[in-house]
Amino acid sequence: MALLLAFIVAAALLTMTPGVDTAMVLRVATVEGKRSAAAAAAGICAGCLGWGAVVALGLAALLRTSPLAYDLLKWMGAGYLLYLAAGLLWRPRESFDGTSEPVRSGALVMALRGFLTNALNPKMGIFYVTFLPQFIPAGVAIGPRAFLLASIHVALSVLWFAALIGATAGLSRWLRRPAVIAALDRVTGAVFVAFGVRLALSSAR
């Protein structure tokens with residue numbers, strides 16, 4: 001129980017640390033609305049849960065032992081982040097009705113984008129495979145316990161994203177200003193560039 005409580009505290013702090021997931025949810029909540037933001041958050045959480053299952057099955061060890069497998073997934077993830085960033089930086093929106101983008105993204109599209117940001121990030125697998133074992137007591141089946149911890153992390157992420165989405169509701173009038181929407185797109189795009197470059201330059205160890 002002590003290890004479990006320690007994990008919850010550590011995972012909660014890590015969840016609230018600003019990153020690409022937080023930037024995506026905030027931007028979508030502002031530009032697309034609550035429904036699309038919830039879909040993006042669901043996709044992000046599904047990506048985390050997928051990595052949790054992979055780690056629980058022991059497949060994440062491949063990323064640590066095979067530079068080729070790691071590099072392939074790394075470049076795919078970096079390329080995807082830079083692709084998203086390009087659209088935000090070069091075609092920032094000015095309104096919710098799509099002044100700069102004729103077709104508004106649907107919830108399914110946002111869920112897929114959220115999923116891919118984590119599914120194509122091998123650092124998630126490395127993070128789980130190195131972080132979770134610290135909170136698994138001796139004598140406990142590693143696979144089921146690792147998946148349980150990953151599920152707790154996902155549950156904490158759901159609560160965090162819900163808080164973020166709720167916070168944007170109170171600022172919706174200000175956030176709907178064309179200049180604010182365009183600025184938020186550009187800032188989010190810059191964040192995605194930074195994380196994409198960081199991922200591209202990363203190594204498995």
Side-chain angles (χ1 to χ4, degrees), residues 11-12 14-57 59-60 73-93 95-98 100-125 127-128 147 150-169 171-172 175-176 181 184-185 187-196 199:
L14 289 171
T15 298
M16 292 185 289
T17 301
V20 64
D21 294 345
T22 296
M24 172 173 281
V25 171
L26 280 176
R27 185 261 173 188
V28 174
T30 302
V31 179
E32 301 279 358
K34 290 184 178 181
R35 182 180 178 183
S36 292
I44 290 169
C45 291
C48 289
L49 199 60
W51 274 117
V54 167
V55 170
L57 292 173
L59 298 181
L73 194 57
K74 176 186 71 174
W75 285 110
M76 289 173 63
Y80 182 70
L81 284 176
L82 293 176
Y83 164 77
L84 293 179
L88 294 172
L89 290 171
W90 292 337
R91 295 197 311 170
R93 290 186 177 188
S95 70
F96 284 88
D97 59 7
S100 300
E101 194 170 326
V103 180
R104 182 175 177 177
S105 301
L108 183 60
V109 173
M110 296 314 306
L112 181 60
R113 287 182 181 178
F115 175 76
L116 289 177
T117 57
N118 273 339
L120 294 178
N121 185 358
K123 281 294 183 181
M124 280 302 302
F127 167 72
Y128 276 158
F147 187 72
S151 299
I152 292 174
H153 176 233
V154 169
L156 292 171
S157 298
V158 170
L159 295 176
W160 173 241
F161 291 146
L164 289 178
I165 295 170
T168 61
L171 300 172
S172 60
L175 291 172
R176 288 174 183 271
I181 293 174
L184 185 61
D185 273 10
V187 170
T188 305
V191 170
F192 283 6
V193 168
F195 277 96
L199 179 59

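Values below: every heavy atom of this structure, side chains too, minus hydrogens, waters and symmetry copies.
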Evaluation steps, side chain to side chain contact (heavy atoms under 4.5 Å, CB included), between Thr15 and Thr22: CA-CA 9 Å; Thr15 298; Thr22 296; over 6 Å; no
Evaluation steps, side chain to side chain contact (heavy atoms under 4.5 Å, CB included), between Trp160 and Leu156: CA-CA 6 Å; Trp160 173 241; Leu156 292 171; over 6 Å; no
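Across all non-hydrogen atoms, the minimal contact from Gly52 to Ala150 is CA-CB, 3.7 Å. Here the closest non-hydrogen pair linking Arg35 and Ala107 is NE-CB, 4.2 Å. Residues Asp21 and Phe161 come closest through the heavy atom pair CB-CZ, 3.9 Å. The two residues Arg113 and Met24 make their nearest non-hydrogen contact at O-CE, 4.2 Å. Summarising the geometry of Ile165 relative to Val25, their closest heavy-atom pair is CG1-CG1, 3.9 Å, with the distance given to 0.1 Å. Contact between Cys48 and Asn118 at its shortest, heavy atoms only, is SG-ND2, 3.2 Å.
Using a 4.5 Å heavy-atom cutoff, the side chains of Phe147 and Leu49 are in contact.
Here the CG atom belonging to Leu82 is positioned 10.0 Å from the CG atom belonging to Leu89, to the nearest 0.5 angstrom. Between Leu120 atom CG and Phe115 atom CZ the span is 8.0 Å, to the nearest 0.5 Å. Note that the CG atom of Leu26 and the OG1 atom of Thr168 stand 7.5 Å from one another [nearest 0.5 Å].
Distance alone, capped at 3.5 Å, places no donor-acceptor pair between the Trp51 side chain and the Tyr128 backbone.
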